Amino acid sequence: MKYLMTCWLCLLFLSLPLLVWFGHVMRRGGPLPAVQSTGLRGYMKITPGRKEQFLDKHCSECALVSSSGQMLGAGVGEEIDKIGCVIRMNNAPTRGYEKDVGNRTSVRVVSHTSVPLLVKNELYYFQQSADTTYVFWGPERNMRQDGKGRIFNTLLKIAKKYPNVRIYAVTKEKIQYCDRVFQNETGKNRMKTGAFLSTGFFTMILAIDMCDSIHVYGMIDDNYCSRANHSVVPYHYYERNRINECRMYRVHEHTQRGGHRFITEKAIYAKWATRHRMDFKHPSWSF
Ligand SMILES: *[C@@H]1O[C@H](CO)[C@@H](O)[C@H](O)[C@H]1NC(C)=O
Ligand SMILES: *[C@@H]1O[C@H](CO)[C@@H](O)[C@H](O)[C@H]1NC(C)=O
Ligand SMILES: *[C@@H]1O[C@H](CO)[C@@H](O)[C@H](O)[C@H]1NC(C)=O
């Protein structure tokens, strides 16, 4: 008898939440509200459906692999392969460079200017690289969603053609936020000083949003090029015989209009490294 009693109580308890839920639905007299979209609100999925979806990705450990020529001969491919999330930039390849840069890409952050390079090799990027999430950034004129954003339109076509592809755009608000961060850190207005933020800057911001700890590979610090013994390497590991990294950085740092302030940005990362779990390897940074 006692046993039966407990059983009845059990049933009652189990069905109570169901009853409450049912009552709730009946009272509303309509469908349940859409589930609140979760994820990082600075990065919005590009889908034909136009439903708001944010980048829902979190990694305990990330490798942020720079495209710098410093990666040539670094021999850290296996070390990078062991890290949960591997972040790369633009069209930086892994094939042929596995020993130095690893063989997986979890997230690729891509500049609007590099979109044609990816489209040229679209089967590789959007069909064969099924494990990669893409995050595109660009100025409003190229990324606007009213039909007049040339690059956004291209990406929307890709999203329609490859339904499984995961492509996101950095939102206009997030880009404005990045400008405010630059101004806060340097005291200079990004636009008024004729500078463009680099893909590296947006990638660092994304890594901070997405990763608990970040291992940065192949990035030089802001003083590297002024040291007498610095090594001369290509600007990109996959483009030999081009202008070397330090010359490229110096030209950009002093260009009046449209330059990337690579050196200033590195000084900013050094400050972030004091507030976030972040380390720098090949070359390593000392603080
Ligand atoms: C990637 O490299 C690791 C060793 O670093 C190896 O174990 C793995 O099989 C490789 N994966 C692919 C897809 O080549
Ligand atoms: C602005 O800069 C200060 C000092 O570097 C820092 O503590 C603060 O978090 C920054 N705020 C933003 C929004 O970047
Ligand atoms: C350059 O010299 C400094 C010491 O002055 C040393 O710490 C650094 O590793 C050297 N860099 C290279 C690339 O050899």
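Keep in mind that this is a model prediction, so the values were computed, not measured. In each ligand, atom 1 is the first atom listed, and ligand 1 is the first ligand listed.
In this structure C85 satisfies the disulfide bond (SG atoms under 2.5 Å apart) test together with C59, sequence neighbours excluded. For the salt bridge (Lys or Arg N to Asp or Glu O under 4.0 Å) test, residues two or more places apart in sequence or in another chain that qualify with D221 are R227. In this structure F196 satisfies the ring pair (Phe, Tyr, Trp, His ring centres under 6.0 Å) test with no other residue, sequence neighbours excluded.
The shortest N or O to N or O distance between N184 and ligand 2 is below 3.5 Å.
Separation of the F126 and Y134 ring centroids falls under the 6.0 Å cut-off. Residues W272 and F201 bring their aromatic ring centres within 6.0 Å.
Near ligand 1, heavy-atom contacts under 4.0 Å come from E78, D81, N103.
Contact check on D209 versus K174 returns a salt bridge, with a Lys/Arg side-chain nitrogen under 4.0 Å from an Asp/Glu carboxylate oxygen. Between E52 and K45 there is no salt bridge, since no side-chain nitrogen of the basic residue lies less than 4.0 Å from a carboxylate oxygen of the acidic one.
The closest approach between a heavy atom of R180 and any atom of ligand 2 is not below 4.0 Å.
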